[in-house]
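These figures come from a predicted structure and were not determined experimentally.
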Amino acid sequence: MLAAAAAARVAASQRAAARPAIGVEPPPAAAAPPRPPGLSGVPVAPGMLAPRAVDDVLRACHVPAERITDPAQGPILVTALAQIIAVVTAWVASMRILPRPVRPAAFVVRVAARLAYELVRDVSQRRRRVVIGLGLALVVLGVAGGLVGSGVEGGLGILVALLGLLLIGLTSWRRVPGGLAVLAAGLIAVLAAAGAFPVLHDPLFNWLSDDAVPYLADHPWAWATVFGAFVLPGAWSLAEAFTTRRVRRRG
């Protein structure tokens with residue numbers, strides 16, 4: 001009997017504890033987290049914007065509405081296209097599957113694409129424009145002097161044009177090998193276009209008409225074809241063999 005009475009009292013006390021007490025207020029809710037600085041009157045650190053001001057700035061920024069075809073993005077687009085062309089050209093020119101007679105022409109095209117990219121990037125970013133303008137002026141004046149003049153004047157014109165190419169190459173690449181590559185490409189182009197420069201046309205084509213192939217003397221484009229297909233690959237192979245031998249000796 002005593003055990004039953006004790007169990008009844010324990011059960012009653014548990015039921016009473018489970019029911020909320022009448023007249024007792026519930027505990028207060030947890031306090032809301034503090035508002036960020038700038039919204040609750042708390043001063044913001046110097047050099048920083050309040051969250052409300054940051055929100056206004058982000059709403060006023062129209063970055064999602066910008067397009068690569070916008071006039072303001074023109075320099076970026078042109079530079080990116082020039083870089084893509086230069087990279088693809090360098091990749092194709094470096095392929096070992098290219099026939100050996102095509103490698104000199106591939107070298108000239110690769111150097112021209114790289115030089116064009118460097119010039120576009122520098123001009124769009126407003127860098128080294130004075131030096132680039134001076135180099136281009138020397139190239140234009142030199143080519144004009146070589147096309148019009150003969151003898152010493154024509155020779156000086158060609159030298160001035162090559163000097164302008166060297167100046168542009170050193171400025172763009174900012175390395176001596178890059179400038180020398182531009183100079184070599186320009187020299188190849190001058191020799192291929194020898195029929196257009198009187199200082200080279202007179203001795204070369206007179207010799208061709210008298211002792212070699214008269215057809216080449218009468219058609220300068222034929223000389224450019226023969227030079228690019230036969231003369232230049234042979235000289236290129238000799239230069240490669242010479243440079244490879246020197247590298248092996250140093251190794």
Going only through I, L, V, M, F, W and Y residues with side-chain contacts under 4.5 Å, is there a path from [X] to [Y]?
{"X": "Val131", "Y": "Val120", "result": "no"}
{"X": "Val231", "Y": "Val108", "result": "yes"}
{"X": "Leu134", "Y": "Leu119", "result": "no"}
{"X": "Ile168", "Y": "Leu187", "result": "yes"}
{"X": "Val109", "Y": "Ile84", "result": "no"}

So, for [X] and [Y], which heavy atoms are closest and what is the spacing to 0.1 Å?
{"X": "Ala192", "Y": "Ala224", "value": "O-CB, 3.3 Å"}
{"X": "Gly186", "Y": "Leu165", "value": "CA-CD1, 3.6 Å"}
{"X": "Pro104", "Y": "Pro233", "value": "CG-CA, 4.2 Å"}
{"X": "Val111", "Y": "Ala185", "value": "CG1-CB, 4.0 Å"}
{"X": "Ser124", "Y": "Pro75", "value": "CB-CB, 3.8 Å"}
{"X": "Val143", "Y": "Ala161", "value": "N-CB, 3.9 Å"}

Side-chain donor or acceptor of Thr79 paired with backbone N/O of Ile76 under 3.5 Å: no
Side chain proximity check, [X] to [Y], heavy atoms < 4.5 angstrom:
{"X": "Leu166", "Y": "Val182", "result": "no"}
{"X": "Leu163", "Y": "Leu159", "result": "no"}
{"X": "Arg127", "Y": "Arg121", "result": "yes"}
{"X": "Ile85", "Y": "Tyr117", "result": "no"}
{"X": "Arg103", "Y": "Arg96", "result": "yes"}

About how many Å separate [atom2] of [Y] and [atom1] of [X], when rounded to the nearest 0.5 Å?
{"X": "Ile132", "Y": "Leu167", "atom1": "CD1", "atom2": "CG", "answer": "9.5 Å"}
{"X": "Leu191", "Y": "Ile188", "atom1": "CG", "atom2": "CD1", "answer": "8.0 Å"}
{"X": "Leu156", "Y": "Leu141", "atom1": "CG", "atom2": "CG", "answer": "13.0 Å"}

